[in-house]
Number of protein chains: 2
Amino acid sequence: MREEDKPEIRKLLLFRTMSPENFERLMQAAYAHSFPAQLELIRQGEPADFLHIVMEGTVELFSGWRDRETAMAVVRPVSTFILAACIKDAPYLMSARTVEKSRIIMIPSKDLRATFRLDPEFAVSTITELANCYRSVVRHAKGLKLRTSRERVAAYIYRQSSIAGNAVSFVLPMEKRLLASLLGMTPENFSRAIKSLQSDGVAMDGMRIIITNMKLLEAVAGPDALIDGPDTNAGHFGSGLTGP
Amino acid sequence: MREEDKPEIRKLLLFRTMSPENFERLMQAAYAHSFPAQLELIRQGEPADFLHIVMEGTVELFSGWRDRETAMAVVRPVSTFILAACIKDAPYLMSARTVEKSRIIMIPSKDLRATFRLDPEFAVSTITELANCYRSVVRHAKGLKLRTSRERVAAYIYRQSSIAGNAVSFVLPMEKRLLASLLGMTPENFSRAIKSLQSDGVAMDGMRIIITNMKLLEAVAGPDALIDGPDTNAGHFGSGLTGP
DNA sequence: CGAACCCTTGACAGAAATCAACTAAGGTGG
DNA sequence: CCACCTTAGTTGATTTCTGTCAAGGGTTCG
């Protein structure tokens, strides 16, 4: 792996507080590799041999059953994924594929497990990271069970706007079909949901969403910190999503 | 709290490996209390001041949004719940209420956080516990997104049978309305789902489920270790669910 | 330029929620 | 002990939501 990746990784909450020696050791065991788009990195059910870190690009976590498939999460730099399986030394519950060309770092999970036994600081960081992951999936499940697909779309738009500093317009950060799957619906249904939200303050132009009436949208979305996540990013500029 | 509770708690994976001194200290900070049925122990959104442990009885974790409500999990002795919120010192994402009269132990979350910083063994146990919780919610979400309600019911029945040692009959461990909510459907829909499964090897007599054709049921359920959980209990006798 | 592929739209079918009515069981209070 | 009330569960009728199938427009990429 590149030397210049290390500071980036070190910035992650998971690796920020561990001892320099342990960090170095972990990095020395790591591999880095670039993958083209649409390449399957991980197949669900296989043993979890590596913790993955996205350095560049985008990765989709998804799951399948019979002939169905659904997106569970979209991971962007710089973040880790499938930490829990590595810790448990258990099969991956989700598959992963690149959405676009991506650079990925892989840390052998046995080194990971050894490290949080040696380094109490790393153990605490791992606890925090896992607690975050857990709460994130709980929110996902709550959204699925408590909201209709139309409400999920509205809430998603409202949240993206909020992340972009209450922008009245932003560009969808992924393909619509992927977003639809993430939100638990078909692409057709997503398309119709957006259309039906025209009467509630949402317009769309290609990949750009324009909020024509924030109050109306908010009324449909019913934003809730316990589902959509806290407004930690409000006031910041989101990753190029602000505009126009 | 009762002195005789301690060995039970100590048996939990979360507390099994920590040092005796730290365990004692944690227990001394703990409260124990009995609650009647249908009492709200925790309200979502409130600060997570206590880790809870069910010693006796049954607890339902649920969430609400607007006027809707859904069950997220059912917790039985001896287990902890809402660990992640305590660790993060963040608001509970879920509410909790007793399903029946229950005895609950509460450990102040600040003592918990202090302890896993002091005791590396406890930190490792916490990591494992959280990873389990995470994977459990991921499975839940997968079931919701990949299966229809009828398939979820079939899979639930198949799994319960499997836990009870492939019993052809067992008694539902909770009210049908609660089970329906847990499986992400209305009671009416649950009732109809069971009825429609008659043609696929499932019969019902009150709270008792009788599997009349395991092969047919299995074909509908499509059991999957990555959704329903590993068959760790296969071959054991489940908690009184075996029959007839 | 053609071949994919994404997105949208329409028509339809199926799934699930809602509303309403009814039964049965359990608990309460006279 | 019984009448009464409450509640869980079931069933039917209906509406709403969502997925499926099919077709067409637009874009990208080889």
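In the text below, chain A, chain B and the rest are named by the order of the sequence lines, each starting its count at 1.
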Could you state the [atom1]-[atom2] distance from [X] to [N], rounded to the nearest angstrom?
| X | N | atom1 | atom2 | value |
| --- | --- | --- | --- | --- |
| A:Arg177 | D:dT27 | CZ | P | 18 Å |
| B:Ile194 | D:dG9 | CD1 | C1' | 12 Å |
| B:Leu179 | D:dA8 | CG | C1' | 14 Å |
| B:Met207 | D:dA8 | CE | P | 12 Å |

B:Phe35 ring center near B:His33 ring center (under 6.0 Å):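 So the answer is yes for these two rings.
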Can you check nucleotides 17-20 of chain D for protein contacts, nitrogen or oxygen pairs under 3.5 Å, and list what you find?
residue: D:dT18; atom: OP1; partner: A:Ser149; partner atom: N; Å: 2.9
residue: D:dT18; atom: OP2; partner: A:Ser149; partner atom: OG; Å: 2.6
residue: D:dG19; atom: OP2; partner: A:Thr186; partner atom: N; Å: 3.4
residue: D:dG19; atom: OP2; partner: A:Asn189; partner atom: ND2; Å: 2.7
residue: D:dT20; atom: O4; partner: A:Arg192; partner atom: NH2; Å: 2.9

B:Arg43, CZ: over 12 other non-hydrogen atoms inside 6.0 angstrom: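 No.
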Span of DNA chain C in contact with chain A (heavy atoms, under 4.0 Å):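 Range of nucleotides within reach of chain A: C:dC6 to C:dA11.
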Side-chain donor/acceptor of B:Arg103 to backbone N/O of B:Met55, under 3.5 Å: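 No.
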Verdict with reasoning, A:Phe81 to A:Ile42, per side-chain contact (heavy atoms from CB on, under 4.5 Å): CA-CA 11 Å; A:Phe81 56 94; A:Ile42 288 171; 4.0 Å; yes
Side chain to side chain contact (heavy atoms under 4.5 Å, CB included) partners for A:Asp228, two or more places apart: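 Partners of A:Asp228 under the side chain to side chain contact (heavy atoms under 4.5 Å, CB included) test: A:Arg147, A:Ala155, A:Arg159, A:Pro223, A:Asp224.
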B:Lys145 and B:His140: side chain donor to acceptor below 3.5 Å: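 B:His140 and B:Lys145 do not have a side-chain donor-acceptor pair below 3.5 Å.
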Exercise: do B:Glu129 and B:Thr80 side chains pair donor with acceptor under 3.5 Å: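 Their side chains do contain a donor-acceptor pair, which is all the 3.5 Å distance test asks for.
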Below 4.0 Å: OP1/OP2 of D:dG12 and any side-chain N or O of B:Lys195: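 So the side-chain polar atoms of B:Lys195 do come within 4.0 Å of the phosphate oxygens OP1 or OP2 of D:dG12, strictly under.
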Cation over ring face, A:Arg97 and A:Phe62, 6.0 Å, 45°: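 The answer is yes; both the distance and angle limits are met.
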